[in-house]
Amino acid sequence: MAEARRVKIAPSILSADFARLGEVVRETEQAGADYIHVDVMDGRFVPNLTIGPIVVDAVRAHTSLPLDVHLMVVEAERLIPDFVSAGADRITVHQEAAPHLHRAVHQIKELGASAGAAINPATPDAALAEILPDLDLALVMSVNPGFGGQQFIQSALPKIDRLRAAIDRLGLAVELEVDGGVKPENAGRVAGAGASVIVAGSAVYNDRVSVAEAVAALRAAADAG
């Protein structure tokens, strides 16, 4: 990295125990996480089907942390107002699923939330070139979206590096978020490539370590990167 930056940690509740979701969210905030990441999947853009605004609304009641909502859906423009109303602070839509990406990004902003755009592993970082100045965050997927617990795709690292260079070159206040397969073993490389936010699901919510221990390990690894 050209300069030191504090990397933020955004645990993904997709991997959490939904039977005790409120308790887990409170535990995550107490562990020092920066965001609560919420993965929304529609069974169309990605093969899995997860949650909707009603769960975001329920999570909102249990934490003061910003809710980082990742829409892996088609026709996101229809759903954005409901997620903002439910309490989403940040909403990210996919470049591949939004034929009118500029419109979707500005719809999010006009509703009062921060706006992000995500790209899949096979999508080049150049796909965000035109929209980058309009974004609050850019999200690099380091797995193919749809399921938690996948292995990190190494080709994401040069993509993160190139996006970091573009953001810095343009002098933008755009957070660079990385999602998929991040764990303490590779968080340093992800941070070193230029990520400013790390999303982690199964690395945080598992039966091996507590949430607090997992967040601390990710932060230590990222800071060392």
Side-chain angles (χ1 to χ4, degrees), residues 8-16 18 21-46 48-98 100-120 128 131-132 134-141 145-146 148 173-180 195-201 204-205 215:
K8 297 178 181 178
I9 308 298
S12 169
I13 61 168
L14 180 65
S15 299
F18 270 59
L21 187 56
E23 180 184 344
V24 170
V25 167
R26 292 192 298 273
E27 185 180 356
T28 304
E29 180 169 0
Q30 292 165 3
D34 298 281
Y35 301 123
I36 299 293
H37 189 81
V38 184
D39 288 308
V40 178
M41 308 179 190
D42 64 357
R44 295 174 62 194
F45 177 61
V46 294
N48 202 3
L49 183 65
T50 58
I51 62 179
I54 191 169
V55 175
V56 172
D57 183 65
V59 169
R60 176 78 285 164
H62 291 278
T63 182
S64 60
L65 290 179
L67 300 185
D68 183 31
V69 176
H70 179 190
L71 297 183
M72 289 168 270
V73 305
V74 297
E75 300 178 349
E77 293 94 333
R78 296 190 305 107
L79 301 175
I80 288 166
D82 291 338
F83 279 100
V84 174
S85 295
D89 299 284
R90 299 150 53 89
I91 295 182
T92 297
V93 296
H94 267 264
Q95 184 271 343
E96 303 88 354
H100 305 289
L101 183 57
H102 183 275
R103 179 185 298 163
V105 164
H106 283 274
Q107 178 188 13
I108 295 167
K109 290 188 165 193
E110 287 162 9
L111 289 169
S114 297
I119 49 174
N120 284 336
L128 294 181
I131 197 66
L132 202 56
D134 298 275
L135 299 179
D136 297 301
L137 65 136
L139 173 56
V140 174
M141 291 300 301
V174 177
E175 289 195 321
L176 181 51
E177 190 168 289
V178 178
D179 183 358
S196 51
V197 181
I198 286 174
V199 177
V204 173
Y205 304 116
V215 170

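Note: hydrogens, waters and symmetry copies are ignored here, and every other heavy atom, side chains too, is used.
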#### Entry: Interatomic distance, Thr28 atom OG1 to His62 atom NE2 [nearest 0.5 angstrom]
12.0 Å
### Task
To the nearest 0.5 Å, tell me how far Ile36 CD1 sits from Arg26 CZ.
11.5 Å
### Message
Within the structure provided, determine whether Val40 and Leu79 are in side-chain contact (heavy-atom separation under 4.5 Å).
### Response
no
### Task
Mind listing the closest non-hydrogen atom pair of Val215 and Gly32 along with its distance?
CG1-C, 4.3 Å
### Message
Any heavy-atom pair between the side chains of Phe83 and Val38 that's under 4.5 Å?
### Response
no
### Task
Output yes when a side-chain donor or acceptor of Asp34 lies under 3.5 Å from a complementary backbone atom of Ile9, and no otherwise.
yes
#### Entry: With Asp136 via side chain to side chain donor-acceptor pair (under 3.5 Å) - residues at least two apart
none
### Query
Would you say the side chain of Arg90 lies within less than 4.5 Å of the side chain of Glu177, judging by non-hydrogen atoms?
yes
### Query
Partners of Asp89 by side chain to side chain donor-acceptor pair (under 3.5 Å), sequence neighbours excluded?
Arg60
### Message
How long is the straight-line distance from CG of Asp42 back to CG of Leu49, given to the nearest 0.5 Å?
### Response
7.5 Å
### Query
Among all residues two or more places apart in sequence or in another chain, which pass the ring-ring contact (aromatic ring centres under 6.0 Å, His included) test with Tyr205?
none
### Message
Quick check for you: to the nearest 0.5 Å, what is the distance between Leu67 atom CG and Leu65 atom CG?
### Response
8.0 Å
### Query
Does a side-chain heavy-atom distance below 4.5 Å link Ile13 with Val59?
yes
### Residues which pass side chain to side chain donor-acceptor pair (under 3.5 Å) with Thr63, listed by chain and number, not counting sequence neighbours
Glu29
### Task
May I ask you to check whether Tyr35 and Glu175 show a side-chain donor-acceptor distance below 3.5 Å?
yes
### Message
Side chains of His70 and Asp68: any donor to acceptor distance under 3.5 Å?
### Response
no
### Task
May I ask you to test the Asp179-Asp39 pair for a side-chain heavy-atom distance under 4.5 Å?
yes
### Summary
Looking only at heavy atoms, the pair that brings Asn120 and His94 closest together is OD1-CE1, 3.1 Å
### Close side-chain approach of Met41 to Leu14, heavy-atom, < 4.5 Å
yes
### Summary
In terms of heavy-atom contacts, Val69 and Ala88 come closest through CG2-CB, 3.5 Å
### Task
Grab the two heavy atoms, one from Ser12 and one from Val199, that are nearest each other, plus how far apart they are.
CB-CG1, 4.0 Å
### Query
Could you state the interatomic distance from NE2 (His102) to NE2 (His106), rounded to the nearest 0.5 Å?
3.5 Å
### Query
Residues in side chain to side chain donor-acceptor pair (under 3.5 Å) with His100, at least two apart?
none
### Message
Are the side chains of Val73 and Arg44 in contact, using a 4.5 Å heavy-atom criterion?
### Response
no
### Query
Under 4.5 Å between any side-chain heavy atoms of Leu111 and Ile91, yes or no?
no
### Task
Please name the pair of heavy atoms, one in Ala117 and one in Leu128, separated by the smallest distance, quoted to 0.1 Å.
CB-CD2, 3.8 Å
### Query
Which atom names give the shortest non-hydrogen contact between Lys109 and Ala115, and what distance separates them?
CG-CB, 3.9 Å
### Message
Test side chain to side chain contact (heavy atoms under 4.5 Å, CB included) on Glu96 and Ile119; report intermediate values, then the result.
### Response
CA-CA 7 Å; Glu96 303 88 354; Ile119 49 174; 3.9 Å; yes
### Query
Do any pairs count as a side-chain hydrogen bond (donor to acceptor under 3.5 Å, both in side chains) and have a residue in residues 71-87, sequence neighbours left out, and if so which ones?
Glu75-Arg78
